[in-house]
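To keep things clear, I will list the structure first and then write my remarks on it.
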Amino acid sequence: MTAAGYDGVMRLALERGFYFPSCGPYGDAPAGFWEYGPNGTAFKNRFLALWRRELVRRGGMMEIDGSQIMSRSVFEASGHLASFADPVVKCGACGSTFRADRLVAEKAGVAIPEAAEPAAFDAAVAEHGIACAKCGGALGGARRFNMMFGVGIGPEGERAYLRPETCQSIFVDFPRLYKTMRGKLPMAVAQVGKSFRNEISPRQSLLRLREFYQAEIEVFCNPARLDEAEGFPEVEGVKLRLQGGEERAGPVTAGEAAESGAVPGRLVAYYMALLALFYEKAGIDAERSRFRRLGEKEKAFYAEAAFDFEVETSAGWLELVACNYRSGHDLAGHAAGSGEKFEVDDGGEKVLPHVFEISMGIDRSLYAILEHSLREDAENDRTVLALRPYLAPVQVGVLSLVKKDGLKERADRIHRSLRGDFDAFLDHSGAIGRRYRRLDEIGAPYAVTVDHRTAQDGTVTLRSRDTMGQRRVAEEDLPDALRGGLRIP
RNA sequence: GCGGUCAUAGUAUAGCAUGGUAGUAUGCUGGCUUUCCAAGCCAGUCGCCCGGGUUCGAAUCCCGGUGACCGCACCA
């Protein structure tokens, strides 16, 4: 194996079934679509189990599972039909494509809103004689490039869209959830699922996909009560590595951040703290992570305050999570679009809830964890994926030291008894050291080996991935021993 | 989307200039050895990105497509 970093992770991913390009056998496989193999899927499932534990359950959230295809009206109301589409012009000579609004602003100093009709850009291009910024060639007509994938529904092909973010289901479901699930503000709703964006140029495998997993959490709150968060005392001391403008990434506690106004209220500080704790438990090196406050220009159009949770990797600082205080933008939009009431009663007061959103990119998170976990152990000539034990795709390897003398049968039996409760992998073939290496590489934290002593006293050896140390454990004590080592702290 | 580089087994690569259907390493499967950290031996297994053209013959030359990497642009 090569060293860690992007290439090392990529090689591991391809060689050990973590992830690989989709539509493999065909030459016309489009870019930006990747598939998780057995180890990748198991790893992802465990990561999501941790997400459910540390955020959904701990934060008292509801989880839903919405449709991936949603109606046109939803995206009219959300603003995606207008704002998720960039006005672009293409050079007829060299083929370069430019953002029409930016080109016009740069060349002619004229500000045209990006949501304007294409004709407005054509007029400006003609009036100011704007040519291609690259080759000086004549520009073609402006058009809108929408990053949403459209789909045709039914025989008439009625226009609908694959969701470009999962959160719209949460917004449109909010009134029903509030009524039927006995909602009270603040109320947090979570969802994990696929989103789809027609990226112009997908890059770097899991880092920029056209079809990707998001886990989004929408916290509906009363804007007058942003300082009220029930669980706050238990996370008050959690360090948040805030960074914004000129400030260095220095840890402040969640309490200090809320007190100083660095984040808008205790409610927001509470969820940011849960998020920081979650990623630490997921195996992200806290020293190489930060919450970066976005400047006015970087923020999404709806956001009043925005923090990106970023992690340092060999590909630079990667944005894993966007935390946005979205104010009343979403519910007001859907109230206006649908005519339905989105105000709720909060202690006798009618309020249109504001939204604080935590939008996680799952695929990127998985990549970052893999990169932070992959090491070369030169001393022992091995590659180790030092995943937290509770995230490992294979939890325990079951090996026979040799195949004969009944050791194989004994190992088979142990494997059968363990696999109901654990992800156990059985392996009889090859040198024992080679089998340990294979398990190390996919991050299996434990290996159980049946040897000649097993038949005499009923014990097996339990090997730890990280220390390579072994201890003898009675066969019947294995489940407890493993459970102890796999427990989430 | 633009420009540059590139595409050969599961992975990493040689071969391409000077066309004659592919080699190495590692992996994988089975066997021998019976062994606690990638030992050895034997046998086996898998490949020229896709489509078209030139040619008696294409991994190799030409055209088109697709993908990957890097830079630019993009990333509500």
Side-chain angles (χ1 to χ4, degrees), chain A residues 1-2 6-8 10-17 20-34 37 75 78-86 88-91 93-99 102-103 114-115 132-135 137 145-148 164-165 195 197-205 207-210 212 298-303 306 315 319 322 324 326 329 359 361 377 379-383 399-405 407-408 428-441 447-453 460-461 463 465 467-470 472:
Chain A
M1 279 293 289
T2 53
Y6 181 81
D7 290 341
M10 199 63 226
R11 183 172 164 153
L12 175 78
L14 292 172
E15 204 166 22
R16 299 291 179 210
F20 41 81
S22 75
C23 310
Y26 291 97
D28 63 348
F33 299 92
W34 291 69
F75 300 112
S78 70
H80 283 84
L81 274 176
S83 307
F84 208 62
D86 294 334
V88 294
V89 285
K90 187 168 176 164
C91 170
C94 74
S96 293
T97 303
F98 303 92
R99 276 280 297 256
R102 296 196 188 167
L103 192 68
E114 62 170 80
C132 172
K134 205 163 213 169
C135 74
F145 172 70
N146 198 299
M147 299 249 299
M148 285 196 292
E165 51 181 16
S195 289
R197 295 181 193 178
N198 199 0
E199 293 282 354
I200 292 173
S201 60
R203 286 280 164 93
Q204 294 175 305
S205 59
L207 303 189
R208 230 163 113 192
L209 295 159
R210 288 187 165 133
F212 58 101
E298 286 180 292
K299 285 192 312 199
F301 63 92
Y302 47 70
E319 175 196 339
N324 287 310
R326 298 169 65 118
H329 170 81
S359 173
D377 177 0
E379 195 182 332
N380 295 299
D381 190 24
R382 61 177 191 155
T383 300
L399 319 176
S400 50
L401 186 61
V402 295
K403 274 187 238 180
K404 64 175 195 180
D405 301 333
L407 301 194
K408 176 179 184 295
H428 296 301
S429 73
I432 191 77
R434 175 183 301 276
R435 285 178 273 163
Y436 287 143
R437 294 295 181 282
R438 269 197 293 250
L439 289 166
D440 289 341
E441 206 172 305
V448 165
T449 303
V450 174
D451 59 14
H452 288 100
R453 235 178 94 182
V460 295
T461 65
R463 173 194 185 260
R465 171 197 71 196
T467 63
M468 295 173 74
Q470 290 177 314
R472 293 205 78 88

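Computation of the quantities below employed the complete heavy-atom set of this structure, encompassing side-chain atoms and omitting hydrogens, waters and symmetry-equivalent molecules. Chain letters run A, B, ... following the sequence lines, proteins first, then strands; residues in each count from 1.
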What nucleic acid atoms does [X] come within less than 4.0 Å of, heavy atoms only: base, sugar-phosphate, or nothing?
| X | value |
| --- | --- |
| Gln204(A) | sugar-phosphate |
| Pro30(A) | sugar-phosphate |
| Leu14(A) | sugar-phosphate |
| Asp451(A) | base |
| Phe33(A) | nothing |

Residues that His428(A) engages under side-chain contact (heavy atoms from CB on, under 4.5 Å), provided they are two or more places apart:
Ser400(A), Lys403(A), Lys408(A), Ala411(A), Asp412(A), Leu426(A)

Set of residues satisfying side-chain contact (heavy atoms from CB on, under 4.5 Å) with respect to Asp381(A), sequence neighbours excluded
none

Can you tell me how far [atom2] of [N] sits from [atom1] of [X], to the nearest Å?
| X | N | atom1 | atom2 | result |
| --- | --- | --- | --- | --- |
| Asp28(A) | rA68(B) | CG | P | 13 Å |
| His80(A) | rC75(B) | NE2 | P | 13 Å |
| Leu209(A) | rG67(B) | CG | P | 14 Å |
| Asp7(A) | rA12(B) | CG | P | 9 Å |
| Leu207(A) | rA68(B) | CG | P | 12 Å |
| Arg435(A) | rC36(B) | CZ | C1' | 10 Å |
| Ile432(A) | rA39(B) | CD1 | P | 12 Å |
| Met10(A) | rG67(B) | CE | C1' | 12 Å |

Using the side-chain heavy atoms of [X], tell me which of these nucleotides is nearest: [options].
| X | options | answer |
| --- | --- | --- |
| Arg208(A) | rU35(B), rA73(B), rC37(B) | rA73(B) |
| Asp381(A) | rA38(B), rA68(B), rC69(B) | rA38(B) |
| Arg203(A) | rA38(B), rC72(B), rG67(B) | rC72(B) |
| Glu441(A) | rU11(B), rA38(B), rC37(B) | rA38(B) |
| Val402(A) | rU34(B), rC2(B), rA38(B) | rU34(B) |
| Ala431(A) | rA68(B), rA39(B), rG1(B) | rA39(B) |

Distance in Å, [X] [atom1] paired with [Y] [atom2], rounded so as to fall on 0.5 Å steps:
| X | Y | atom1 | atom2 | result |
| --- | --- | --- | --- | --- |
| Arg438(A) | Arg16(A) | CZ | CZ | 7.5 Å |
| Leu207(A) | Glu319(A) | CG | CD | 12.0 Å |
| Asp451(A) | Leu407(A) | CG | CG | 7.5 Å |

Using the side-chain contact (heavy atoms from CB on, under 4.5 Å) rule, pick out the option among Asp405(A), Leu401(A), Val460(A) that qualifies with Val450(A).
Val460(A)

Could you list the residues that satisfy side-chain hydrogen bond (donor to acceptor under 3.5 Å, both in side chains) with Arg465(A), not counting sequence neighbours?
none

Roughly how many Å apart are [M] and [N], using the [atom1] atom of each and rounding to a whole number?
| N | M | atom1 | result |
| --- | --- | --- | --- |
| rU33(B) | rA68(B) | P | 49 Å |
| rC69(B) | rG64(B) | P | 23 Å |
| rC48(B) | rG44(B) | C1' | 22 Å |
| rC41(B) | rU55(B) | C1' | 47 Å |
| rC49(B) | rA14(B) | P | 14 Å |
| rA25(B) | rG47(B) | C1' | 15 Å |
| rG23(B) | rA9(B) | P | 15 Å |
| rA39(B) | rA58(B) | P | 43 Å |

Expected output check: what is the dot-bracket annotation of RNA chain B, where ( ) and [ ] are pairs inside the strand (brackets for crossing ones), | is paired with another strand, and pairs are Watson-Crick or G-U under 3.5 Å?
(((((((..((((......[..)))).(((((.......)))))....(((((..]....))))))))))))....

Per-nt protein contacts along nucleotides 23-33 of chain B (heavy atom under 4.0 Å; B base, S backbone sugar-phosphate only, - none) come out as ----SS--S--

How do Trp34(A) and Ser201(A) order along RNA chain B: which one's closest nucleotide is nearer the 5' end?
Trp34(A)

Take Ala31(A) and Gly469(A), find for each the nucleotide of RNA chain B with the closest heavy atom, and name the residue whose nucleotide sits nearer the 5' end.
Gly469(A)

Is a donor-acceptor contact shorter than 3.5 angstrom present between the side chain of Tyr26(A) and the base of rC49(B)?
no

Going by modelled atom types, is there a donor-acceptor pair between the base of rC75(B) and the side chain of Glu199(A) at under 3.5 Å?
no

Ignoring hydrogens and geometry, is there a side-chain-to-backbone donor-acceptor pair from Arg197(A) to Pro164(A) under 3.5 Å?
yes

Ignoring hydrogens and angles, tell me if any N or O in the side chain of Asn380(A) forms a donor-acceptor pair with the backbone of Arg382(A) under 3.5 Å.
no

Around atom OH of Tyr26(A), are there more than 12 heavy atoms from other residues, nucleotides or ligands closer than 6.0 Å?
no

Do Trp34(A) and Pro21(A) come within less than 4.5 Å of each other through their side chains, counting heavy atoms only?
yes

Listed by chain and number, what are the salt bridge (charged side-chain N to carboxylate O under 4.0 Å, His left out) partners of Arg208(A), not counting sequence neighbours?
Glu199(A)

